[in-house]
Amino acid sequence: MRNITLIKGDGIGPEITESVVKIIEASGVDINWDIQTAGADVIEKEGVPLPQRVIDSVKANKVALKSPVTTPIGKGFRSVNVQLRKELDLYANLRPCYNLPNVKTRYDNVDIVVVRENTEDLYAGIERQVDENTAESIKRITRNASERIAKFAFDYAVNNNRKEVCVVTKANICKLSDGLFLECARDIAKNYPQIRFREILVDNCCMQLVQNPNQFDVLLLPNLYGDIVSDLCAGLVGGLGIAQGANIGKDYAVFEPVHGSAPDIAGQDKANPTAMLMSAIEMLKYIGEFDAANRIKIALFETLNSDIKTSDLGGTAKCTEFTDAIISRLKILAVK
Ligand code: NAI
């Protein structure tokens, strides 16, 4: 039996976590979930939103499945998600983005992988209040972090039969910080002559993505642009309800959907568990459970094809109904 840390999150987190745990159980994979809590509720009891026990649990188990945790806007505690990525040095945020069966979108054949640097940039939260009317944020970019994320993107391209890596910056304006990120990508690209290398400015990239997304393959971005552009890419293929993600480091990996805790639909059995499930499928592959990962993906795709969909995809199924439909198909696949 494999030990895996499970962070249930808040908002829709517990609903989509329950769904995915049930589906994995039905697939026959034996996992001992090490359940950990984090976020606003934990502060009251333990004084901090991300207690050391959560980090220790991921360090011991090496792998975690995580659902979203709310971060207060404009004030309050620092993001649990950002802290966790930093504490575990999960330097690569990998967000594959492609069309799913029977999910209507403006474009077919979108197949983009967003590789986002996950430890620095404006996301590091280095801010100061200069005076009552002025605030500053530091955009910190280092050669070490930029080179290793560029290497990750190119290695991913080689290992996954991709043709191109496109680095996305605003190096015409942020000449030093984005300029360094771009310079590192150019240097690393020289070691991968088999992969086409392309450069684009982030504003143009956004325009091109909404007009002609099929031109893109692997996108390589600093942290903040990566955050924004990956939501844009999620929108191209059906929205946040289906957008999977993974945070990968040298020693640990935390799989989590791109979306947040969706407080607007929390507790209503309306959430789409697909993004969390697709993240969990990648987690199963990461731990070597290829057969179960494949069966779950087939069951998910068959369910979507039979027009059982949650409301974000234009369907009427509740989260629990969608989950049960996937489990029914998994059982049929097991008998075949
Ligand atoms: P959000 O991603 O939670 O929601 C944006 C929109 O997408 C909402 O209309 C929501 O209903 C919809 N949506 C998201 N996931 C869905 C799903 N699985 N099924 C159906 N609809 C879904 O973004 P928002 O509202 O900006 O953030 C809410 C909170 O989540 C914030 O506190 C934010 O900091 C946090 N957050 C946490 C993340 C994490 O834990 N990794 C990532 C992003 C945001």
Side-chain angles (χ1 to χ4, degrees), residues 5-20 23 36-43 49-50 54 58 64-88 90 93-95 97 100 103 114 116 118-119 122-123 125 223-224 226-248 253-280 300 304 308-323 326:
T5 303
L6 181 67
I7 302 168
K8 286 186 171 180
D10 49 41
I12 58 169
E15 300 164 55
I16 57 173
T17 304
E18 195 185 332
S19 158
V20 169
I23 293 168
Q36 296 290 334
T37 48
D41 295 347
V42 170
I43 295 186
L50 180 65
V54 183
V58 185
L65 181 62
K66 175 185 165 298
S67 79
V69 179
T70 304
T71 308
I73 294 174
K75 55 183 169 36
F77 61 86
R78 279 188 61 204
S79 164
V80 164
N81 314 304
V82 175
Q83 273 187 66
L84 192 67
R85 293 167 192 170
K86 202 151 177 67
E87 289 283 341
L88 297 167
L90 303 167
N93 195 323
L94 185 64
R95 297 179 160 182
C97 203
L100 296 187
V103 175
V114 174
R116 162 185 173 193
N118 220 12
T119 62
L122 281 165
Y123 246 78
N223 207 340
L224 185 64
D227 176 51
I228 297 165
V229 169
S230 55
D231 267 35
L232 193 165
C233 290
L236 291 173
V237 294
L240 286 168
I242 64 170
Q244 61 173 306
N247 304 284
I248 299 181
V254 176
F255 294 81
E256 64 173 340
V258 170
H259 64 73
S261 54
D264 53 336
I265 55 166
Q268 299 169 37
D269 199 14
K270 269 189 181 169
N272 186 351
T274 302
M276 181 82 165
L277 186 59
M278 300 267 290
S279 310
L300 167 66
L304 291 169
I308 301 175
K309 291 189 271 192
T310 45
S311 55
D312 57 313
L313 300 180
T316 55
K318 297 279 183 197
C319 177
T320 44
E321 290 165 351
F322 186 66
T323 306
I326 295 172

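One-based numbering, in listed order, for ligands and for the atoms of each. Since the structure is predicted, the reported quantities are computational estimates derived from the model, not experimental observations.
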> For ligand 1, indicate whether the residue Asn81 contacts it via side chain, backbone, both or neither (heavy-atom separation under 4.0 Å).
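Only the side chain of Asn81 comes within reach of ligand 1.
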> Is there side-chain contact between Ile242 and Met278, with at least one heavy-atom pair below 4.5 Å?
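Ile242 does not reach Met278 side chain to side chain.
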> Please report the C-alpha distance between Lys309 and Leu304 in whole Å, then the side-chain angles of each, then the deciding distance to 0.1 Å, and finally whether the side chain to side chain contact (heavy atoms under 4.5 Å, CB included) criterion is met.
CA-CA 6 Å; Lys309 291 189 271 192; Leu304 291 169; 4.0 Å; yes
> Does the side chain of Leu100 reach to within under 4.5 Å of the side chain of Val237, using non-hydrogen atoms?
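Not touching, per the 4.5 Å side-chain cut-off.
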> Is the backbone of Ile12 close enough, under 3.5 Å, to the side chain of Glu15 for a donor and an acceptor to pair up by distance?
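Judged by distance alone, no pair lies under 3.5 Å.
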> Could you list which atoms of ligand 1 come closer than 4.0 Å to a heavy atom of Thr70?
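Here the atoms of ligand 1 in question are 32 (O).
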> In the protein, what heavy atom is nearest to atom 25 (O) of ligand 1, and what distance, to one decimal place, separates them?
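Answer for atom 25 (O) of ligand 1: Pro263 CD, 4.3 Å.
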> Against ligand 1, does Val258 come closer than 4.0 Å with any heavy atom?
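Yes.
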> Please report which non-hydrogen protein atom sits nearest to atom 29 (C) of ligand 1, along with the residue it belongs to and the distance in Å to one decimal place.
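For atom 29 (C) of ligand 1, the nearest protein heavy atom is Ser261 OG, 3.2 Å.
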> Atom 32 (O) of ligand 1: which of Ile12, Asn272, Thr71 has the nearest heavy atom?
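Residue with the shortest heavy-atom distance to the ligand atom: Thr71.
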> Give the residue, atom name and distance (to 0.1 Å) of the protein heavy atom nearest atom 8 (C) of ligand 1.
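Going atom by atom, the protein heavy atom closest to atom 8 (C) of ligand 1 ends up being Asp264 OD2, 3.4 Å.
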> For ligand 1, does Ile265 get within less than 4.0 Å through its side chain, its backbone, both, or neither, judged by non-hydrogen atoms?
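Under 4.0 Å from ligand 1, Ile265 contributes side-chain atoms alone.
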> How does Asp312 reach ligand 1, by side chain, by backbone, by both or by neither, if only non-hydrogen atoms under 4.0 Å count?
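Asp312 to ligand 1: side-chain contact only, backbone stays beyond 4.0 Å.
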> Going by the closest heavy atom to atom 42 (C) of ligand 1, which one wins out of Met276, Glu256, His259, Lys66?
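Selected option, by shortest heavy-atom distance: His259.
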> List the closest protein heavy-atom neighbour of atom 13 (N) of ligand 1: residue, atom name, distance to the nearest 0.1 Å.
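That would be Ala262 CB, 4.0 Å.
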> Before you tell me yes or no, could you show the steps for Asn223 and Leu122 under side chain to side chain contact (heavy atoms under 4.5 Å, CB included), namely the whole-Å CA-CA distance, both residues' side-chain angles and the distance that decides it to 0.1 Å?
CA-CA 7 Å; Asn223 207 340; Leu122 281 165; over 6 Å; no
> Does only the side chain of Lys270 get under 4.0 Å from ligand 1, or the backbone, or both, or neither? Count heavy atoms.
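Under 4.0 Å from ligand 1, Lys270 contributes no heavy atoms.
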> Roughly how far apart are Arg116 CZ and Asp227 CG, rounded to 0.5 Å?
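Rounded to the nearest 0.5 Å, the CZ-CG separation comes to 4.0 Å.
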> Which residue supplies the protein heavy atom nearest to atom 5 (C) of ligand 1, what is that atom called, and how far is it?
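So the nearest neighbour among protein heavy atoms is Leu240 CD1, 3.8 Å.
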> Look at the side chain of Asn247 and the backbone N and O of Glu256, then say whether any donor-acceptor pair between them is shorter than 3.5 Å.
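No; judged by distance alone, with no hydrogens or angles, the pair does not exist.
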> Say you draw a straight line from CG of Leu94 to CD of Gln244; how long is it, rounded to the nearest 0.5 Å?
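Rounded to the nearest 0.5 Å, the CG-CD separation comes to 8.0 Å.
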> Please lay out, stage by stage, how Val80 and Val54 fare under the test side chain to side chain contact (heavy atoms under 4.5 Å, CB included).
CA-CA 11 Å; Val80 164; Val54 183; over 6 Å; no
> Any protein heavy-atom neighbour for atom 18 (N) of ligand 1 (distance below 4.0 angstrom)?
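Yes; the ligand atom in question has protein heavy-atom contact below 4.0 Å.
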> Has Ile16 got any heavy atom lying under 4.0 angstrom from an atom of ligand 1?
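Under 4.0 Å: no for Ile16.
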> Just to be sure I read this right, does ligand 1 sit under 4.0 Å from the backbone of Pro72, its side chain, both, or neither, counting only heavy atoms?
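None of Pro72 does.
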> As a test of the contact definition, would atom 11 (O) of ligand 1 count as having a protein heavy-atom neighbour under 4.0 Å?
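Neighbour list for atom 11 (O) of ligand 1 includes protein heavy atoms (cut-off 4.0 Å).
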> Report the member of Val69, Leu84, Thr310 with the shortest heavy-atom distance to atom 37 (C) of ligand 1.
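Answer by nearest heavy atom: Val69.
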> Could you check whether atom 27 (O) of ligand 1 has a protein contact, counting only heavy atoms that fall below 4.0 angstrom?
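Within 4.0 Å: no protein heavy atom nearby.
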> Per the side-chain contact (heavy atoms from CB on, under 4.5 Å) rule, which among Asp269, Asn272, Ile265 passes with Thr310?
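Going through Asp269, Asn272, Ile265 one by one, the side-chain contact (heavy atoms from CB on, under 4.5 Å) with Thr310 is satisfied by Asn272 alone.
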> Mark up the atoms of ligand 1 that fall under 4.0 Å of a heavy atom belonging to Gly241, in ascending order.
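Near Gly241, the atoms of ligand 1 are 17 (C), 18 (N), 19 (N).
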> So which heavy atom in the protein is nearest atom 36 (N) of ligand 1, and how far is it from that ligand atom?
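Residue, atom and distance for the closest contact: Gly260 CA, 3.4 Å.
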> Measure the shortest side-chain to side-chain distance between Leu84 and Val69 over non-hydrogen atoms and say whether it is less than 4.5 angstrom.
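They are not in contact (no side-chain heavy atoms under 4.5 Å apart), so the answer is no.
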> Determine the minimum heavy-atom distance between Ser67 and Gly13, stating which atoms define it.
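The answer is OG-CA, 3.2 Å.
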> Are Glu87 and Val58 close enough, and set up right, to give a side chain to side chain contact (heavy atoms under 4.5 Å, CB included), and what steps lead you there?
CA-CA 10 Å; Glu87 289 283 341; Val58 185; over 6 Å; no
